[in-house]
Amino acid sequence: MDKNMFCFQCEQTIGCSGCTGNSGVCGKTADTAKLQDELTGALIGLARAVDSTTAVSKKTSQVIIEGLFTTVTNVNFDNASIENMIQKVRAEKERLAPDCSKCQSPCGKTDEYDMQQLWNADEDTRSLKSLILFGIRGMAAYAYHAAVLGHEDDEVNLFFCEALFKIGYEENTETLLSTVLKVGEINLKCMALLDKANTETYGTPEPTEVTLTVEKGPFIVVTGHDLKDLQLLLEQTSGKGINIYTHGEMLPAHAYPFLKKFPHLKGNFGTAWQNQQKEFDHLPAPILYTTNCLMPPKSSYADRVFTTEMVAFPGTVHIDEKKDFTPVIEKALELGGYKEDQILTGINGGTKVTTGFGHAAILSHADTVIKAVKSGDISHFFLVAGCDGAKPGRNYYTEFVKQAPSDSVILTLACGKFRFNDLDLGEIGGLPRLMDIGQCNDAYGAIQVAVALADAFECSVNELPLSFVLSWYEQKAVCILLTLLHLGIKNIRLGPSLPAFLSPNILNFLVENYGIGPITTPEEDIKALQSGCVQ
């Protein structure tokens with residue numbers, strides 16, 4: 001490919017075909033994209049160095065997970081940081097295979113992979129390898145968050161090496177397709193690992209009402225997914241007169257008992273990630289980015305952007321592994337916050353949202369749910385979930401929820417819920433019609449609910465009155481979709497557009513075997529999806 005860059009890993013890629021110019025839609029430059037390719041090639045070389053082992057050391061796993069996480073959309077825009085990561089990967093390969101770099105007759109065993117080979121491969125091979133690569137990038141984020149809380153899984157860690165190896169050196173279509181589905185299988189284990197890490201550390205989420213009002217005085221906005229960073233910030237700001245507000249995917253933190261104990265964890269600021277440049281404009285408070293969802297900051301608030309973990313942007317202050325948030329705290333005190341309380345709203349005008357309907361909370365009412373289905377009070381469940389984004393057409397999800405029958409229940413998770421989570425849909429049998437399960441990784445919880453209902457009705461998940469209506473933007477959505485396919489879940493509606501990295505043949509395979517299809521209109525999709533029922 002004779003282009004400045006090539007990237008088609010997110011939903012908003014230019015022309016639904018790929019970003020190829022001086023910068024991508026996400027804001028990363030061509031130089032950054034090339035460095036991310038170089039990093040991926042180095043990771044494949046590292047994977048080759050451990051390919052014959054039956055276990056991966058903690059150190060090697062950490063390097064691989066960090067490297068993959070660095071390449072997720074909207075995580076790292078800082079070339080120096082990515083270059084440091086590349087050197088870290090190469091150093092780890094040298095540690096594992098020190099003789100290779102000195103060999104006078106190189107066998108190519110640990111050579112780095114040239115990503116142009118992938119981008120220039122035949123379209124089906126490129127499609128399958130992209131599904132694997134983007135899937136493990138998303139999964140790496142979940143593995144990283146679990147590891148921060150002291151939870152790891154040898155099978156998950158080893159699979160990262162297996163998948164990387166096959167991206168670089170496997171050409172057999174059947175083997176690649178099998179690996180695509182294995183990404184989904186291993187991601188299920190990874191999400192279960194993170195679910196265990198979160199609940200053992202912070203308690204079982206419980207339904208919690210969260211205000212969108214921001215009180216006067218100094219405050220800090222925390223965005224991303226990493227609960228550990230939020231915990232540390234809450235501890236370091238305790239007693240300092242600074243309030244903490246979540247943003248985006250950090251909203252579900254309010255449901256965890258351990259975090260709820262901090263009285264200065266006040267509420268949620270703003271909506272989904274793609275609105276940040278408008279919502280953070282001249283914000284009188286610092287923003288701490290803990291994971292992806294960083295957009296290039298505008299000059300009106302660039303001086304109050306702080307990053308940590310894998311997130312980085314040139315010119316912003318990065319909080320290193322020592323986790324001393326003093327610069328963030330000092331900036332909050334300097335800016336002072338609002339002089340009066342700000343009564344803010346969601347995109348539909350609501351002043352509060354509710355979260356915390358994890359699988360434990362929903363299944364604690366399983367008898368009520370089952371009775372309501374059998375009596376006809378609940379006709380259907382819709383899981384309307386996934387990433388939000390800026391591309392036109394995402395209002396489909398708002399309209400879908402608004403038009404869903406009054407005897408249906410809406411389950412949701414991830415940042416796509418900000419399109420409708422401030423709506424009051426009422427209740428059925430004492431349970432709210434709209435239930436926020438949590439972050440994108442809490443798709444594990446939705447799966448547990450579906451499996452439990454299927455067991456109760458003695459049927460398969462596909463025979464339940466349950467439909468999946470998903471929105472996607474980046475790579476974590478890819479690995480979740482692959483998990484659903486691994487489980488054999490069919491007739492998923494996906495939008496607002498289908499991935500650019502799906503070749504016609506691979507898309508046809510998904511349509512023929514899983515019934516996956518693009519969203520159409522809310523009216524047509526609701527009618528089509530309601531055709532199944534439980535007797």
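All values reported here derive from a predicted model rather than from experimental measurement.
Remark: Asn243 engages no residue in a side chain to side chain donor-acceptor pair (under 3.5 Å) (not counting sequence neighbours). Contacts of Glu279 classified as salt bridge (Lys or Arg N to Asp or Glu O under 4.0 Å), with partners at least two apart in sequence or in another chain: none. Residues satisfying the ring pair (Phe, Tyr, Trp, His ring centres under 6.0 Å) criterion with His359, sequence neighbours excluded, are Tyr444.
Atom OG1 of Thr308 and atom CG of Asp229 lie 5.0 Å apart (nearest 0.5 Å). The CG atom of Asn508 lies 10.5 Å from the CG atom of Asn513; values are rounded to the nearest 0.5 Å. For the atom pair Leu411 CG and Leu383 CG, the distance stands at 6.0 Å (nearest 0.5 Å). How far CD of Glu200 is from NE2 of His151: 4.0 Å, rounded to the nearest 0.5 Å. A distance of 9.5 Å separates CG of Leu510 from CG of Leu498, quoted to the nearest 0.5 Å. In this structure, the separation between CD1 on Ile347 and OG1 on Thr398 is 4.5 Å, given to the nearest 0.5 Å.
A 6.0 Å sphere centred on NZ of Lys260 holds more than 12 heavy atoms belonging to other residues, nucleotides or ligands. Atom NZ of Lys490 is surrounded by 12 or fewer heavy atoms from other residues, nucleotides or ligands within 6.0 Å.
Arg419 and Asn395 make their closest contact through NH1-N, 3.9 Å (heavy atoms, listed as atom of the first residue, atom of the second, distance). Across Ala390 and Gln12, no two heavy atoms sit closer than the pair N-OE1, 2.5 Å. Here the closest heavy-atom approach between residue Cys387 and residue Trp472 is recorded as CB-C, 3.9 Å. Closest heavy-atom contact between Ala452 and Leu363: CB-CD2, 3.6 Å. In plain terms, the two heavy atoms of Ala332 and Pro286 that are nearest each other are CA-CD, 3.6 Å. Listed here is the closest heavy atom pair of Pro496 and Tyr397: N-OH, 3.7 Å.
Each of Glu474, Gln475, Met310 was checked for a side chain to side chain contact (heavy atoms under 4.5 Å, CB included) with Val75, and the lone residue meeting it is Met310. Among Thr246, Thr201, Ile244, Leu234, the single residue meeting the side chain to side chain contact (heavy atoms under 4.5 Å, CB included) criterion with Leu259 is Leu234. When each of His225, Gln439, Glu249 is tested with Lys476 by the rule side-chain hydrogen bond (donor to acceptor under 3.5 Å, both in side chains), just one qualifies, namely His225. A side-chain hydrogen bond (donor to acceptor under 3.5 Å, both in side chains) with Asn348 is found for one member of Asp422, Asp424, Asn421 and no other, namely Asp422. Of the options Phe400, Phe420, Phe468, a ring pair (Phe, Tyr, Trp, His ring centres under 6.0 Å) to Phe382 is made by Phe400 and by none of the others.
Remark: the Ser130 side chain and the Ser127 side chain contain no N/O donor-acceptor pair separated by less than 3.5 Å. Looking only at atom types and distance, the side chain of Glu309 has no donor-acceptor partner in the side chain of Thr291 under 3.5 Å away. Residues Tyr289 and Gln276 bring a donor and an acceptor atom of their side chains to less than 3.5 Å of each other. The closest side-chain donor-acceptor pair between Asn462 and Ser460, if any, does not fall under 3.5 angstrom. Asn76 and Thr70 share no donor-acceptor pair across their side chains, judged by distance under 3.5 Å alone. Checked by atom type, the side-chain pair Tyr202/Gln231 shows a donor-acceptor distance below 3.5 Å. In the model, Asn292 has no side-chain atom that pairs as donor or acceptor with a side-chain atom of Asn74 under 3.5 Å.
With Thr483 contributing its side chain and Cys479 its backbone, the two residues share a donor-acceptor pair below 3.5 Å. Of the possible donor and acceptor atoms, one in the side chain of Lys417 sits under 3.5 Å from a partner among the backbone N and O of Ala414. For the pair Asp281 (side chain) and Lys278 (backbone), a donor-acceptor distance under 3.5 Å is absent. Side-chain N or O atoms of Gln342 include one that pairs as donor or acceptor with a backbone N or O of Glu340 at under 3.5 Å. With hydrogens and angles ignored, the 3.5 Å screen pairs a side-chain donor or acceptor of Asp341 with a backbone N or O of Lys216. Looking only at distances, a side-chain donor or acceptor of Thr412 sits under 3.5 Å from a matching main-chain atom of Val384. The closest donor-acceptor contact from the side chain of Ser467 to the backbone of Leu529 lies under 3.5 Å. Judged by distance alone, with hydrogens and angles left aside, the side-chain atoms of Thr13 form no donor-acceptor pair with the main-chain N or O of Cys10 at under 3.5 Å. Between the side chain of Thr316 and the main chain of Phe306, no donor-acceptor pair closer than 3.5 Å is present. Asn268 places a side-chain N or O within donor-acceptor distance of the main-chain N or O of Gly270, the cut-off being under 3.5 Å.
Considering only heavy atoms from C-beta on, Ile506 stays 4.5 Å or farther from Val180 through its side chain. Cys440 is listed as a side-chain neighbour of Ile480, based on a closest heavy-atom distance under 4.5 Å. Lys228 has its side chain within reach of Leu149: a pair of non-hydrogen atoms, C-beta onward, lies under 4.5 Å apart. In this structure, the side chains of Ser364 and Glu206 stay at 4.5 Å or more apart for every pair of heavy atoms. Here the side chains of Tyr396 and Asp525 are in contact, with some heavy-atom distance below 4.5 Å.
Relative orientation of the Tyr245 and Phe219 rings is perpendicular, given thresholds of 30° and 60° on the angle between their planes. Aromatic ring pairs are classed by plane angle as parallel below 30°, tilted from 30° to 60° and perpendicular above 60°; the pair Phe262 and His264 is perpendicular. Taking the six-membered ring where the residue is Trp, Tyr144 and Phe69 present perpendicular rings, their angle passing 60° and hence far from 30°. Relative orientation of the Phe8 and Phe6 rings is tilted, given thresholds of 30° and 60° on the angle between their planes. Using cut-offs of 30° and 60° for the angle between ring planes, the Phe509 and Tyr514 rings count as perpendicular.
For the pair Glu11 and Arg394, the salt-bridge criterion is met [side-chain N within less than 4.0 Å of a carboxylate O].
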**OP:** Quick one: do Cys26 and Tyr473 satisfy side chain to side chain contact (heavy atoms under 4.5 Å, CB included)? Show the steps, please.
**Re:** CA-CA 11 Å; Cys26 68; Tyr473 174 74; 4.2 Å; yes

**OP:** List the steps, then state whether side chain to side chain contact (heavy atoms under 4.5 Å, CB included) holds for Asn187 with Leu482.
**Re:** CA-CA 8 Å; Asn187 183 59; Leu482 296 182; over 6 Å; no

Subject >> Derivation and outcome, side chain to side chain contact (heavy atoms under 4.5 Å, CB included), residues Leu227 and Thr290 >> reply: CA-CA 9 Å; Leu227 300 179; Thr290 66; over 6 Å; no

**OP:** Determine, step by step, whether Asn275 and Phe418 satisfy the side chain to side chain contact (heavy atoms under 4.5 Å, CB included) criterion, reporting the C-alpha distance in whole Å, the side-chain angles of both residues, the deciding distance to 0.1 Å, and the verdict.
**Re:** CA-CA 11 Å; Asn275 299 320; Phe418 283 99; over 6 Å; no

